[in-house]
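Structure, as structure tokens:
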Amino acid sequence: RLYRLYVSPDEWRGGIGQALLAEIEQSLYDRDVHYYEAEVLTANDVAVSFYESSGFELVEEGETELAGVTADQRIYRKRL
């Protein structure tokens, strides 16, 4: 599971996020992994859009706790 992937806003739209995913996916594929999941905070519209446009499918919605604060999150899955 990919818990968080951060790219500086100054670097958005430069392909860094896609390049990081490609490296992660190649590493998982080499280990015979057939899918993986990513956690995304529901309020993070940029991240939600990124994962959805990268071929992930929503599989679960729920809550998570970060630094003592409860936030809504989504779990996305991508088949390799």
Side-chain angles (χ1 to χ4, degrees):
R1 180 173 279 186
L2 179 62
Y3 291 99
R4 302 285 182 261
L5 176 68
Y6 292 101
V7 173
S8 171
D10 294 338
E11 303 297 331
W12 289 352
R13 308 237 187 272
I16 292 172
Q18 289 297 331
L20 289 169
L21 280 185
E23 288 292 325
I24 291 166
E25 291 173 4
Q26 185 61 56
S27 178
L28 293 172
Y29 182 82
D30 291 346
R31 290 174 174 81
D32 201 30
V33 173
H34 300 285
Y35 71 90
Y36 71 114
E37 296 178 338
E39 293 184 3
V40 181
L41 296 177
T42 303
N44 188 339
D45 294 332
V46 172
V48 167
S49 177
F50 172 76
Y51 286 105
E52 289 179 352
S53 68
S54 297
F56 285 81
E57 295 181 9
L58 179 64
V59 294
E60 185 179 332
E61 293 183 282
E63 294 180 336
T64 189
E65 187 173 320
L66 299 169
V69 176
T70 300
D72 292 331
Q73 77 170 2
R74 295 178 178 175
I75 306 296
Y76 285 91
R77 181 177 294 153
K78 184 174 183 181
R79 297 203 180 278
L80 301 176

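Source: prediction; values computed, not measured.
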**Prompt:** What distance separates Arg4 CZ from Leu66 CG, expressed to the nearest 0.5 Å?
**Reply:** 5.5 Å
**Request:** Determine the minimum heavy-atom distance between Arg79 and Tyr35, stating which atoms define it.
**Result:** CA-CB, 3.9 Å
**Complete:** CD (Glu23) and CG (Leu21) are apart, to the nearest 0.5 Å, by 10.5 Å
**Message:** Parallel, tilted or perpendicular: which one describes the rings of Phe56 and Tyr51, with boundaries at 30° and 60°?
**Reply:** perpendicular
**Asked** Among the clusters formed by ILVMFWY side chains lying less than 4.5 Å apart, do Leu41 and Leu58 turn up in the same one?
**Response** no
**Message:** Take a 6.0 Å sphere around CZ of Arg31 and say whether it holds more than 12 heavy atoms from other residues, nucleotides or ligands.
**Reply:** no
**Request:** Measure the CD-CG distance between Gln73 and Asn44 for me, rounded to the nearest 0.5 Å.
**Result:** 12.0 Å
**Request:** Indicate yes or no: at least one non-hydrogen side-chain atom of Leu5 is less than 4.5 angstrom from one of Phe50.
**Result:** yes
**Complete:** The salt bridge (charged side-chain N to carboxylate O under 4.0 Å, His left out) partners of Glu65 (sequence neighbours excluded) come to none
**Prompt:** Linking I/L/V/M/F/W/Y whenever any side-chain heavy atoms sit under 4.5 Å apart, do Val40 and Trp12 land together?
**Reply:** yes
**Request:** Look at Arg77 together with Glu57 and state whether they make a salt bridge at an N to O cut-off of under 4.0 Å.
**Result:** no
**Message:** Between Tyr36 and Tyr29, is the ring centroid distance below 6.0 Å?
**Reply:** no
**Item:** Exercise: identify the closest heavy-atom pair between Val33 and Leu80
**Value:** O-CD1, 3.5 Å
**Asked** Below 4.5 Å, heavy atoms only, C-beta onward: do Glu60 and Glu37 meet side chain to side chain?
**Response** no
**Fill in**
Rounding to 0.5 Å, atoms OG1 (Thr64) and CD1 (Ile75) come to a distance of 8.0 Å
**Message:** For a quick test of reading the model, state the closest non-hydrogen atom pair linking Lys78 to Gly55 and the distance between them.
**Reply:** CG-O, 3.9 Å
**Request:** Sequence neighbours left out, what passes side-chain contact (heavy atoms from CB on, under 4.5 Å) with Ser8? Give chain and number order.
**Result:** Asp10, Glu11
**Request:** List for me each residue that meets side-chain hydrogen bond (donor to acceptor under 3.5 Å, both in side chains) alongside Thr70, sequence neighbours excluded, and say none if there are none.
**Result:** none
**Message:** Looking at every heavy atom in both Val7 and Leu20, which two are closest together, and how far apart are they?
**Reply:** CG2-CD1, 4.2 Å
